[in-house]
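Reading through the structure tokens given below for one structure.
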Amino acid sequence: EKRIAVSDPYGKNDGPVPSTATAEIMKYLSDDDDGDVTFVGTSQTHVTASPAAQTVCTQNQDLLRDVLTSLVFLFNDINEMVLGFTGNKRQNGGHSDTKAFADYFELLRLCMRGQSNEKDLFLYQCNGIHKNLLHLLWKIDLAGRAGRRAASDVTKGEIILLYKEALTLHPELGEEFISNFTQNAARKERDGAVVSKAAKALDRTDDENKNDTFDHMSKLLELFVTSSKTEEYNEKYIAHYYALMISLSKLHPTFCRRMLNHGNWMWSLRVFIFNAAVNEKGELYRTLSDGAMYFA
């Protein structure tokens, strides 16, 4: 069973850093390791962040800042490659390889700890990747609807997890989202070379006077979700998609009204809550149940 879609589709340093763990993280950024790193090429090897790498993400804020900045510099290239795979590469039974770039977005999320520089790297009004990240998510989602990507799209799921983490750590992103990126776009004064370098690397054009043809709230509300043979995927990723929307609804009345009045919210309750076959111990069930009780 699939949901409806209403709108038109559019596209800190707390100690020594273990050298092995550092090497594992930096491997993601090295062109010399293209054969082993999924997101910079077409390797079929799926690389995941090891426990040692995750330890670094907890212990060393300075390293995290530098790695995150370097990862953001790569965003435009990753964006193009994801779309290239979506449009041209057919694998996995006729679908694009939806795991090929998932590690990039996972590592972005693991490197985020709520540091001030993260806002400058993400906020659209600071030349960040916020808006383009959402555009990428919508395009991946549209490809899933068209059958060019599998329903259990790991890259899409990792972008959802990344976006949920970013909104949790930096509520200002939610304000940009709710305003559909039409809030005052005056650039705030930069106080560090990192931000200036990031803006230059991202090579953002000045599009303040251009209207965004997307209704981003509608695109989020109408994200493709299916209950058919995707239980494990839904538990890992889609539960966080609903948690993201519930969090936005608690903070922004405008979004809350739209979500509660949208047919897809009722669809999610009917399929994942009021269904004899659902797993009442699962994360998806708990997330939606708690959300429904909160808004009741």
Side-chain angles (χ1 to χ4, degrees), residues 3 48-49 54 57-58 64 68 71-72 75 78-79 82 98-99 101-115 118-119 121-124 128-141 144 151-181 214 216-225 230 232-252 254-256 258-260 262 264-265 268 272 282-292 294-295:
R3 310 187 312 160
T48 57
Q54 294 187 41
C57 290
T58 301
L64 290 179
L68 181 63
L71 287 168
V72 169
F75 177 79
I78 297 299
N79 189 357
V82 172
T98 65
K99 296 182 180 180
F101 305 95
D103 298 315
Y104 170 77
F105 298 102
E106 179 186 16
L107 193 57
L108 276 174
R109 173 172 54 85
L110 291 173
C111 288
M112 296 189 71
R113 285 298 182 271
Q115 300 187 81
E118 295 171 4
K119 288 189 292 186
L121 293 171
F122 278 81
L123 279 169
Y124 175 70
I129 66 173
H130 185 192
K131 185 176 178 180
N132 288 336
L133 179 66
L134 286 180
H135 278 294
L136 176 59
L137 177 58
W138 309 150
K139 291 176 182 178
I140 290 175
D141 185 63
S152 301
D153 194 314
V154 179
T155 299
K156 172 182 169 180
E158 288 298 336
I159 294 177
I160 291 172
L161 295 185
L162 168 63
Y163 195 48
K164 176 175 176 285
E165 183 74 3
L167 287 172
T168 300
L169 295 172
H170 305 291
E172 299 91 338
L173 291 170
E175 296 170 6
E176 281 196 330
F177 172 80
I178 296 301
S179 76
N180 212 48
F181 300 94
F214 282 73
H216 289 277
M217 279 195 278
S218 288
K219 300 300 289 187
L220 183 63
L221 289 166
E222 295 162 12
L223 208 70
F224 177 71
V225 174
T230 55
E232 183 178 352
Y233 178 85
N234 289 346
E235 283 294 304
K236 183 174 182 178
Y237 295 116
I238 299 303
H240 294 279
Y241 161 64
Y242 287 115
L244 185 162
M245 293 204 298
I246 291 169
S247 296
L248 279 172
S249 295
K250 291 178 179 180
L251 294 173
H252 302 284
T254 299
F255 185 79
C256 181
R258 292 189 63 172
M259 185 188 79
L260 296 181
H262 200 286
N264 284 343
W265 173 249
S268 66
F272 297 121
E283 184 69 22
L284 180 57
Y285 179 90
R286 290 196 302 269
T287 298
L288 284 169
S289 180
D290 291 348
Y294 180 88
F295 296 117

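Numbers here are sequence positions counted from 1. Side chains are part of it too, since the values below use all heavy atoms of this structure and drop only hydrogens, waters and symmetry mates.
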Discussion item. With a 3.5 Å distance limit and no angle check, can you tell me whether D141 reaches the backbone of L223 through a side-chain donor-acceptor pair?
Written reply: no
Worksheet item: If you measure from CG on L108 to CD1 on I129, what distance do you get to the nearest 0.5 Å?
Response: 6.0 Å
Response to the item:
So OG1 of T287 and CD1 of I238: to nearest 0.5 Å the spacing works out to 11.5 Å
Discussion item. Assess the residue pair I246 and D290 against the criterion (side chain to side chain contact (heavy atoms under 4.5 Å, CB included)); give the C-alpha distance rounded to whole Å, side-chain angles, the decisive distance to 0.1 Å, and a yes or no.
Written reply: CA-CA 9 Å; I246 291 169; D290 291 348; over 6 Å; no
Worksheet item: Does the pair W138 and L220 meet the rule for a side chain to side chain contact (heavy atoms under 4.5 Å, CB included), with working shown?
Response: CA-CA 8 Å; W138 309 150; L220 183 63; 3.9 Å; yes
Response to the item:
To the nearest 0.5 Å, atom CG of L248 lies from atom NZ of K250 at 11.5 Å
Worksheet item: Does some side-chain heavy atom of Y124 sit less than 4.5 Å from a side-chain heavy atom of L134?
Response: no
Discussion item. Which label fits Y163 and H130: parallel for a plane angle under 30°, tilted from 30 to 60°, or perpendicular past 60°?
Written reply: tilted
Worksheet item: So, for I160 and L244, which heavy atoms are closest and what is the spacing to 0.1 Å?
Response: O-CD1, 4.0 Å
Worksheet entry | For F122, the option from E176, E172, M112 that meets side chain to side chain contact (heavy atoms under 4.5 Å, CB included) | M112
Fill in: Donor-acceptor contact present, side-chain E118 to main-chain G114, <3.5 Å
yes
Discussion item. I'd like to know if the side chain of H262 reaches the main chain of N264, judged simply by a donor and an acceptor atom lying under 3.5 Å from each other, with no hydrogens or angles considered.
Written reply: yes
Worksheet item: Of all heavy-atom pairs between N132 and N79, which one has the smallest distance, and what is that distance?
Response: O-ND2, 4.5 Å
Fill in: Main-chain N/O of E235 paired with E283 side-chain donor or acceptor, under 3.5 Å
no
Worksheet entry | Distance (rounded to the nearest 0.5 Å) between E165 CD and R113 CZ | 7.0 Å
Item to complete: I would like to know whether E106 and L161 meet side chain to side chain contact (heavy atoms under 4.5 Å, CB included); could you show each step before the answer?
Response: CA-CA 8 Å; E106 179 186 16; L161 295 185; over 6 Å; no
Fill in: Reported CD-to-CG distance for the pair E175 and L167, which is rounded to 0.5 angstrom
10.5 Å
Fill in: For H240 against K236, the heavy-atom pair lying closest together
CD2-O, 3.1 Å
Worksheet item: Do the non-hydrogen side-chain atoms of F105 and L137 ever get within less than 4.5 Å of each other?
Response: no
Discussion item. Taking L71's backbone N and O only, do any of them form a donor-acceptor pair with Y104's side chain (distance below 3.5 Å, no angle check)?
Written reply: yes
Worksheet entry | Ring-ring centroid check F181 H216, cutoff 6.0 Å | yes
Worksheet entry | Beyond-backbone contact of F101 with E158, side-chain heavy atoms, under 4.5 angstrom | no
Discussion item. Side chains of Y241 and N234, heavy atoms from C-beta outward: is any pair under 4.5 Å?
Written reply: no
Discussion item. Between L284 and Y237, does the side chain to side chain contact (heavy atoms under 4.5 Å, CB included) criterion hold? Intermediate values first, please.
Written reply: CA-CA 9 Å; L284 180 57; Y237 295 116; over 6 Å; no
Discussion item. Tell me the closest heavy-atom pair linking F295 and S249, and the distance in Å.
Written reply: CZ-CB, 3.5 Å
Discussion item. Minimum heavy-atom separation for S152 and T230, please, with both atom names.
Written reply: OG-CG2, 3.4 Å
Worksheet entry | Closest non-hydrogen atom pair between A151 and F224, with its separation | CB-CE2, 4.1 Å
Worksheet item: When rounded to the nearest 0.5 angstrom, what distance separates NZ in K156 from OH in Y233?
Response: 5.5 Å
